[in-house]
Amino acid sequence: MAVAERYAVKESEAHWQQVWAERDCFRATEDPGRPKYYVLEMFPYPSGRIHMGHLRNYTMGDLVARFRRARGFNVLHPMGWDAFGLPAENAAIQRRVHPAKWTRENIAAMRAQLQPMGLSLDWSREIATCEPAYYRHEQKMFLDFLKAGLAYRTEAWVNWDPVEHTVLANEQVIDGKGWRSGAPVERRKLAQWSFRITRYAEDLLRAIAELERWPDKVRTMQTNWIGRSEGAHLRWDIQGRDEALEVFTTRPDTLYGASFCAISPNHPLASELARDNPDLAAFIADCARLGTSEEAIETAEKKGFDTGLKAVHPFDESWTVPIYVANFVLMEYGTGAIFGCPAHDQRDFDFAKKYRLPIIAVVAPRDADVEAFSNDLVAGDEAFVGDGVAVHSDFLNGLSVTEAKRAAIARVESLGKGAGTVQYRLRDWGVSRQRYWGCPIPVIHCDACGIVPVPEDQLPVTLPEDVTFDAPGNPLDHHPTWKHVDCPTCGRAAVRETDTFDTFVESSWYFARFCAPQSDTVAFDRAAVDYWLPVDQYIGGVEHAVLHLLYSRFFTRALRECGYLTVAEPFAGLFTQGMVTHETYQAADGSWLEPAEVDKTGDGAARRLSDGSPVTIGRVEKMSKSRRNTVDPETILETYGADAARLFIVSDNPPDGDMEWSDAGLEGAWRYVNRIWRLVATPPVEMPPMGTPVPVADLDTATLGLYRRAHKTIAGVTEDLERFRFNTAVARIRELTNALGELKPEAPGAGAVYRFCVETAVRLLNPMVPHLSESCWTALGGTTILAETDWPEADPAHLVDDTVTLAVQVNGKLRGQVDLPKDCPKDQAEAAALALENVRAHTDGKTLRKVVVVPNRIVNVVVG
RNA sequence: GCGGACGUGGCGGAACUGGUAGACGCAGCGGACUUAAAAUCCGCUUCUCGGUGAGAGUGGGGGUUCGAAUCCCUCCGUCCGCACCA
């Protein structure tokens with residue numbers, strides 16, 4: 001069969017996609033006899049169109065999946081849709097289309113857009129989280145969490161948008177205002193459903209150490225987010241009252257430096273006192289208005305209000321300090337109350353200066369003269385927060401900070417005034433949202449029975465289809481009938497919970513559902529989840545470093561506690577890919593231009609295509625609608641095909657860094673795709689049939705070198721792909737194909753070596769450019785298809801050369817090189833180096849001090 | 001402020017446990033082929049210098065070493081995360 005000289009991309013890509021589909025190459029089945037490998041990319045939100053970030057993410061995942069499959073693993077590589085969320089409701093409001101219809105149409109459109117990428121996905125496992133077949137299981141999980149005490153309802157402070165009548169996530173509050181309504185957000189206390197993630201705080205933290213195949217960056221972020229600190233709860237009696245003030249501190253060693261206590265404006269004691277004290281009430285209202293935005297915190301002055309109450313020091317009943325209400329004390333952390341030690345905490349220091357409170361130094365720097373140490377040392381502008389020795393502290397004197405902490409806690413405990421404790425920054429996960437397009441929370445509120453879980457045989461609680469979005473607030477709340485039900489317990493009229501789950505709940509377990517998505521009756525087939533989990537390689541954006549990735553780790557533990565599965569950690573390996581960026585363009589009037597509107601081909605400055613007016617080329621930034629610097633993947637795929645795009649994506653730069661999308665870079669990949677094809681279609685030397693052994697013994701030095709180079713390439717590329725070094729893997733393959741230009745066609749065995757090199761390149765390129773490599777493989781005479789063919793093996797005998805080139809230095813400067821037999825004796829290398837003319841020129845007339853020989857590497861001649 | 005990552009040609013980036021800095025690609029320059037263009041192929045491409053060679057060079061300065069992009073100290077800069085967390 002004649003091989004076309006030009007590579008027909010469209011036909012090739014369509015053909016192979018059809019072949020893979022017909023042969024069902026990528027369907028995964030559990031097979032305990034083979035090592036499994038679960039590759040997963042973070043599933044997309046069905047916004048309607050795929051973007052470059054998707055293209056990059058799925059290209060990497062597909063590369064890994066195809067590579068592992070060829071390496072003999074039983075690979076699971078599924079795809080689905082994170083289908084609940086606010087954009088669907090916005091579309092309903094703006095375009096009067098039902099969220100379900102909008103979402104399902106978007107899924108269909110995006111599935112069609114993904115198809116030309118040639119991804120090796122098992123589509124039989126596709127899931128969409130907005131379907132009752134999916135979320136019914138989530139409702140069952142919630143009921144199990146309720147029973148296990150992992151879900152509960154409580155009053156919580158939330159961001160409330162008074163115009164939209166809904167809770168907003170922190171991310172949706174911009175400059176203290178609702179992102180859509182522009183109305184100032186109120187802090188409100190509302191009854192909210194929460195998941196008890198804090199139950200696992202210690203375990204989530206401890207296990208981070210074992211996530212060896214996670215980026216350090218993400219591990220650090222999760223560690224900080226959980227925010228463990230050791231300290232003590234202390235009880236300060238309040239003079240004239242029965243109750244005590246409970247405070248949390250990490251510095252019990254500084255108790256003898258206490259000069260005040262402070263409570264949060266939201267502290268119950270503050271509220272109580274405010275009832276009879278209009279000034280305090282005004283102060284608290286003032287604090288509430290300040291908000292919690294970054295700038296507000298940055299610029300806010302430390303302010304306090306003296307309640308007039310006195311707290312009694314735990315170690316000394318005759319010692320009292322004033323109790324303030326202070327704007328910098330958070331109700332959400334610790335007990336909402338602190339004791340202030342101004343000498344050793346900067347914030348307390350500033351506060352004490354402002355309100356003229358005593359500043360008592362109780363920790364002396366190690367190099368200070370303890371006897372002479374006085375308040376002078378902290379009388380400047382800064383508190384002393386370093387390590388040191390306790391002073392002016394009675395029984396603690398002379399102890400280090402660590403020892404003093406321990407001793408102070410022991411004393412506090414023996415006095416019954418508190419206890420050592422561990423405090424976390426992590427809070428429980430509030431999952432209630434006052435929205436329609438989410439999973440209904442399956443409980444019923446009954447006046448007589450309280451909160452009644454929906455009986456399991458009545459699941460799923462499905463969303464009503466007939467909803468309207470013309471009134472602000474939650475459509476479920478406005479629905480005429482949906483929420484009105486009889487109480488399952490007493491039978492009297494009751495109402496459904498109208499809150500729905502945060503969409504992060506769905507994404508907290510989808511990876512497990514992929515293991516066995518077929519069942520209606522159970523969430524997971526136990527054997528299937530136990531076989532596939534954990535995910536061996538998870539790939540996605542770093543923006544989920546804390547939220548999704550922490551929620552999923554919690555959820556997996558909770559599911560384990562409820563008997564759903566066996567593992568605790570969902571993702572054994574994590575890779576966070578960088579963003580896709582692009583140059584930005586601005587017209588003379590400052591408006592942003594799309595790349596397609598700009599002509600950069602002419603010499604000199606860029607011009608606008610429409611009228612030739614000058615264009616300013618701006619910074620390279622993340623692709624975004626506001627900068628208009630986006631490139632549509634669909635156009636790219638239509639013009640160049642999937643393989644060129646995939647090749648560009650993996651070869652341009654390391655996958656964890658940001659990549660700059662450029663036409664020139666894509667063109668370069670496109671040229672290489674065609675070049676590979678030409679290597680196959682128009683070889684410069686006649687190739688023997690596939691399978692003909694390479695006559696190694698007959699090869700001359702240069703041809704043997706080329707043959708060995710192919711083996712080295714196999715070894716190098718394999719190693720690179722294992723370690724996510726896609727860019728250097730491609731570079732190695734390019735080096736091999738570049739070296740083919742040096743082949744002498746008349747040399748013995750040239751045809752066989754050429755064939756071997758080309759076959760090797762084609763097989764190694766398969767994970768990156770699957771269609772092209774299949775076409776090449778067939779054209780080369782291959783009768784298998786590469787998607788089902790094993791990865792090439794490097795012959796260890798050909799990975800090392802008989803001779804090596806050593807660099808020769810004189811006093812550390814390169815002066816030449818010598819070719820020597822591998823592992824030759826040091827004196828031979830030394831002699832060869834000293835014999836070099838250029839070495840002589842630099843050593844003549846000087847004293848030879850020594851010669852350093854690093855075998856097979858370098859000879860350094862030291863003269864003086 | 002706290003925590004983390006990083007700084008290499010015009011650009012993206014290579015460089016194993018310290019051992020020939022700049023692989024591979026993009027852009028650029030020159031040549032071949034062509035009536036011409038595109039495509040392709042070949043060559044050059046860190047800077048400086050009278051150039052078959054030498055000097056400088058991996059953000060700046062210092063140090064360890066026969067030898068440093070790599071290790072140590074210090075300064076500068078960029079990016080990211082958290083941010084009144086007691």
Review point. Using a 3.5 Å cut-off on both pairing distances, which stems of three or more Watson-Crick or G-U pairs include RNA chain B?
Key: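 Result, WC/G-U stems under 3.5 Å: B:1-7 with B:76-82, B:10-12 with B:24-26, B:28-32 with B:40-44, B:46-49 with B:53-56, B:59-63 with B:71-75.
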Does a side-chain N-to-carboxylate-O contact under 4.0 Å join [X] and [Y]?
{"X": "A:D652", "Y": "A:R56", "value": "no"}
{"X": "A:R723", "Y": "A:E719", "value": "yes"}
{"X": "A:D720", "Y": "A:R732", "value": "yes"}

**Study point:** Face-on cation placement of A:R425 at A:W225 ring, 6.0 Å and 45° thresholds
**Key:**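 Because its charged atom sits under 6.0 Å from the ring centre and within 45° of the axis, A:R425 does stack over A:W225.
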Kindly say if [X] contacts the phosphate of [N], meaning a side-chain N or O under 4.0 Å from OP1 or OP2.
{"X": "A:R228", "N": "B:C85", "answer": "no"}
{"X": "A:R678", "N": "B:C41", "answer": "yes"}
{"X": "A:N224", "N": "B:G81", "answer": "no"}
{"X": "A:R815", "N": "B:G55", "answer": "yes"}

Point to revise | Residue met sooner reading RNA chain B from 5', once A:R725 and A:G334 are mapped to nucleotides | key: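 Comparing both residues, the 5'-ward one is A:R725.
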Check your understanding: For RNA chain B, whose closest nucleotide is more 5', that of A:K813 or that of A:N860?
Key -> A:K813
Within this structure, what is the [atom1]-to-[atom2] distance between [X] and [N], rounded to whole angstrom?
{"X": "A:M579", "N": "B:C79", "atom1": "CE", "atom2": "P", "answer": "12 Å"}
{"X": "A:L736", "N": "B:A23", "atom1": "CG", "atom2": "P", "answer": "18 Å"}
{"X": "A:R671", "N": "B:A27", "atom1": "CZ", "atom2": "C1'", "answer": "10 Å"}
{"X": "A:Q222", "N": "B:G4", "atom1": "CD", "atom2": "P", "answer": "17 Å"}
{"X": "A:Q809", "N": "B:G19", "atom1": "CD", "atom2": "C1'", "answer": "7 Å"}
{"X": "A:D658", "N": "B:C80", "atom1": "CG", "atom2": "P", "answer": "9 Å"}
{"X": "A:M331", "N": "B:A86", "atom1": "CE", "atom2": "C1'", "answer": "13 Å"}

Review point. Under 3.5 Å, is there a donor-acceptor pair linking the side chains of A:S651 and A:N727?
Key: no
Review point. Which nucleotide sits closest to the side chain of A:N653: B:G13, B:C41, B:C80?
Key: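 For the A:N653 side chain, the nearest candidate turns out to be B:G13.
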Point to revise | Anti or syn - B:G60, cut at 90° from 0 | key: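 You should classify B:G60 as anti.
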**Study point:** Contacting residues from residues 420-430 of chain A, given that a heavy atom lies under 4.0 angstrom of RNA chain B
**Key:** A:R425, A:R427
With the criterion being N/O to N/O and under 3.5 Å, what pairs connect the protein with nucleotides 6-10 of chain B, and how long is each?
none

